[in-house]
Protein chains: 2
Amino acid sequence: MDAPALRRADWEPQPTDRASAPTRPERAAEQLAALAAAVDPGDRLGTKEELRARCGVSVGTFNEALRLVQARGVVSVRPGPGGGLFASRQSPMVRLGNSVLALDDDAASVADAVRLRDALDPLLVEDALRHASASDVAAMRTELERMKATTADRDGTAFVRANWALHARIAEVSPNVILRSVYTSLLDIIESHVLSVQPDEAHPLPEYIRSRYELHAALVDAIADRDHRRALELIHEHNTTMDGSATRDEATTEELPR
Amino acid sequence: MDAPALRRADWEPQPTDRASAPTRPERAAEQLAALAAAVDPGDRLGTKEELRARCGVSVGTFNEALRLVQARGVVSVRPGPGGGLFASRQSPMVRLGNSVLALDDDAASVADAVRLRDALDPLLVEDALRHASASDVAAMRTELERMKATTADRDGTAFVRANWALHARIAEVSPNVILRSVYTSLLDIIESHVLSVQPDEAHPLPEYIRSRYELHAALVDAIADRDHRRALELIHEHNTTMDGSATRDEATTEELPR
DNA sequence: TCCCCCAATCCATCATGGTGAATTGCAGGA
DNA sequence: TCCTGCAATTCACCATGATGGATTGGGGGA
């Protein structure tokens, strides 16, 4: 009835070639997640042994699956009589994280990320105006210096990277953890997709760099002076004058299949 | 030299009571993550057996740890001679997901989430204007009907939930996967923190509900008519007239100083 | 009656040993 | 020379059996 699976043929009855071959622990984890999703949070799903048998995997494999769903906050485990696996309500923050994790990397274009980032910039500036300390402003000025240093060598890529570093530093000031986290990750996404900055006939590189630099310098000044109106005006200009169009995308061509 | 650890005392040398007791697989996973972070992406870390010995855990435990770091995209495993664990570059999208996952749930106040959501609303409306199909608009109108239904029973909570459902439906239209994902999760976060809607002397409930309903109805009309200016005007009004202040927070005990 | 302690249950690890598949490098043949 | 095929390496699972800790409920003593 419950003969052990000693040979591989006994426990690999699905040679159905699926994409990227989900491993057995992953499949078991999905089963568990489905089980947990089918009941109310807090409900008992059964003992490890029962569920392991239902998933049809060995102890070790089941433990791996368990670890995965636990990390996702889908189930919790309790010892003792009446113990076992329980569906647990996963916090919305975990859902956010997982929904982002589930995102297909290439499905999300850089342009999408840039658009989001631009929408968040004013919030960051607002927070900077309200919360930037003297040392924060000093750090921003340091980043500005770095930007200025790159203006000399006409290296558009170095310039935008320095620019992003400044933005990241500004973001650090915000007390809003969600905003900070999302924003810096967006910068990260954007940065990882950009290979080089290409000049544009309408905006020759040196001129573009100079104007961007001055805009950011003025922005930091406005933050230092707590000049709300000027700062918001500048960030609006920042996001309406072209910026993203001067960058070139890399990742849409998925080379390097390894 | 390498005596097996048959008794628990042999392999639990750290009775240091730490907060919430990270399990051994979790600790091993952290070690692996640290190892992977210390080298360049693509570098070899060693065979499973070598690393297992270094982590000082058993095979099963190490497999669990491995599964965790693999799920996080930190390492990859390859079979064959010269195989083993390799540090893998984790995509920025994964970093975003993980950084959100690392967020402390109560550290992030609802007000923070509301602020983010408000900043994203205009983007959603923009996308809706550009991409909403007839059936999308129809679905929005259905949600509007539901909102209207709740206006009758003076139930503020039901009203805002219906309101969020409408927003979620609008968000569905956007082709921007990151935006959609982040926005709906933000709604989720907000919704999960709100217990009830409290009237406010300046805005008695029925009046508040009626005005909000009409604003949203007008917004959907503007989307249906592709009236950009009107829609953006409405969403601006939407986010400047009070909204969040009429909701009562549950989870953040430390009252948001705004 | 109330409290404490014990037994039962269940999880978290451990150890050992086995089969099959993927990968690699080299050695030998066409 | 180039291709083919074998052997070695390493992973992915499997089974079995053991120890110790956490939790729970009930039974016995104060």
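Note on naming: letters A, B, ... go to the chains in the order of the sequence lines (proteins, then strands), and numbering restarts at 1 for each one.
For the residue pair Ser133(A) and Asp136(A), a side-chain donor N or O sits within less than 3.5 Å of a side-chain acceptor on the partner.
If you check every strand for non-hydrogen atoms under 4.0 Å, Asn63(A) touches a base. Contact annotation for Gly60(A): no contact, since no heavy-atom pair falls under 4.0 Å across all strands.
Set against dA12(D), dC10(C), dT13(C), the side chain of Thr47(A) has dC10(C) as its closest nucleotide. Closest to the side chain of Pro81(B), from the set dT13(C), dC11(D), dT24(C), is dT24(C). Residue Ser58(B) places its side chain closer to dT13(C) than to any other of dT16(C), dT13(C), dC11(C). Comparing dT23(C), dC11(C), dC13(D) by their nearest atom to the side chain of Pro79(B) picks out dT23(C).
Place Val59(A) and Gly82(A) on DNA chain C by their nearest nucleotides, and Gly82(A) ends up nearer the 5' end.
One finds a salt bridge joining Arg52(A) and Glu49(A) here, because a Lys/Arg side-chain nitrogen approaches an Asp/Glu carboxylate oxygen to under 4.0 Å. The pair Arg115(B)-Asp127(A) counts as a salt bridge, with a side-chain nitrogen and a carboxylate oxygen less than 4.0 angstrom apart. Between Arg67(B) and Glu64(B) there is no salt bridge, since no side-chain N of the basic residue sits under 4.0 Å from a carboxylate O of the acidic one. A salt bridge does not link Asp40(A) with Arg89(A): every distance from a Lys NZ or Arg NE/NH1/NH2 to an Asp or Glu carboxylate oxygen is 4.0 Å or more.
Between Glu64(B) atom CD and dA12(D) atom P there is a gap of 14 Å when expressed in whole angstrom units. Here dC11(D) presents its P atom at 9 Å from CZ of Phe86(B), a figure rounded to the nearest Å. Atom-to-atom, CZ of Arg78(A) to C1' of dT24(D) comes out at 11 Å; the value is rounded to the nearest Å. What separates CG of Leu66(B) from P of dT10(D) is a distance of 15 Å, to the nearest Å. A straight line from CZ of Arg27(B) to C1' of dT13(C) spans 12 Å, rounded to a whole angstrom. As rounded to whole Å, 15 Å separates atom C1' of dA12(D) from atom CD of Glu49(B). Per the geometry, CG belonging to Leu85(B) stands 16 Å off P belonging to dT23(C), to the nearest Å. Look at CD on Glu50(B): it is 13 Å from P on dT9(D), rounded to the nearest Å.
Between Arg67(A) and the phosphate of dT13(C), there is a side-chain N or O to OP1/OP2 separation shorter than 4.0 Å.
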